[in-house]
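This report refers to the structure that appears directly beneath it.
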Amino acid sequence: MDKKQLPEFALLTVFVLSGVCTLAKVPHAHSLALLSGGLLSMLYFYGSYWLFKQADVSAITRVVAGFSYAMVIISCLFCLMHWQFWKVFMGVACVGLAVTAGLSLSKYKSAAHLAHLCRCILFLIILSLLYSYRHFHI
């Protein structure tokens, strides 16, 4: 892990832990989830070109990946905060992840594209867990 990935890893860890605490109805965990999720989505959307610059990935792939990762975090926030249209954001995030996975699979032998593919799989697992919790629990 390099110094550029440290803010991403720290914010993602705080977001996942506060999301789990939000689902467990821990007081004030939703505020921490909202703050860390907002910062993480801004890092992915605005800083994707900088964040993935060391990897040997084209600029368009970096921007598309940053947009789709930001949409995943925003859809997770919509689901965790019980806001309207969370299913729409989940669908948009899944389409964005499919586009990013398609771009990563087009050059699957590259280690940098493999890292994007692993992120897509991780975010898809998180989205499906949140969707199943929200759809079947409430």
Close side-chain approach of Y69 to L97, heavy-atom, < 4.5 Å: yes
Handout entry: 4.5 Å side-chain heavy-atom contact, L12 and F123
Key = yes
message: Between L35 and V72, is there shared hydrophobic-cluster membership here, with clusters defined by ILVMFWY side-chain heavy atoms closer than 4.5 Å?
response: yes
- Task: Would you mind reporting whether H30 and K25 have side-chain heavy atoms less than 4.5 Å apart?
- Result: no
### Task
Describe, in one word, how the ring planes of W86 and Y131 are oriented to each other, choosing from parallel (under 30°), tilted (30 to 60°) and perpendicular (over 60°).
tilted
dist R119:CZ -> L114:CG (nearest 0.5 Å) comes out at 11.0 Å
One should read off an interatomic distance between L127 CG and M71 CE, to the nearest 0.5 angstrom, of 10.0 Å
Contacts of F78 meeting ring pair (Phe, Tyr, Trp, His ring centres under 6.0 Å) (sequence neighbours excluded), chain-then-number -> W83, F89
Here the gap from L17 atom CG to T13 atom OG1, rounded to the nearest 0.5 Å, amounts to 6.5 Å
Heavy atoms of L77 and G37 approach each other most closely as CD1-C, 3.9 Å
Subject >> Side chains of F15 and L39 in contact at under 4.5 Å (non-hydrogen atoms) >> reply: no
Checklist entry - Hey, any chance Y46 and I74 share a hydrophobic cluster, counting ILVMFWY side chains that come within less than 4.5 Å of each other, even indirectly? => result yes
Value for CD1 (I73) from CZ (F45), rounded to nearest 0.5 Å, stands at 14.0 Å
The reported gap from OG1 in T61 to NZ in K107 (rounded to nearest 0.5 angstrom) is 6.5 Å
Minimal heavy-atom distance between C120 and A101, with the atoms involved, is SG-N, 3.8 Å
Taken to the nearest 0.5 Å, the spacing of T22 OG1 from L32 CG works out to 8.0 Å
Using the rule that two of Ile, Leu, Val, Met, Phe, Trp, Tyr join whenever any of their side-chain heavy atoms come within less than 4.5 Å, decide whether Y44 and W50 are in one cluster. yes
Note: M81 and A33 closest approach over all heavy atoms is CE-CB, 4.0 Å
Tested for side-chain contact (heavy atoms from CB on, under 4.5 Å) against I126, the lone hit among L122, L124, L129 is L122
Q. Do L34 and M90 belong to the same hydrophobic cluster, where Ile, Leu, Val, Met, Phe, Trp and Tyr are linked whenever their side-chain heavy atoms lie under 4.5 Å apart, directly or via other members?
A. yes
In short, side chain to side chain donor-acceptor pair (under 3.5 Å) pairs touching residues 88-101 with sequence neighbours left out are S68-T100
field: Sidechain-backbone polar pair: R134 side chain, C79 backbone, donor-acceptor under 3.5 Å
entry: yes
* L23 side chain reached by L80 side chain, heavy atoms, under 4.5 Å -> yes
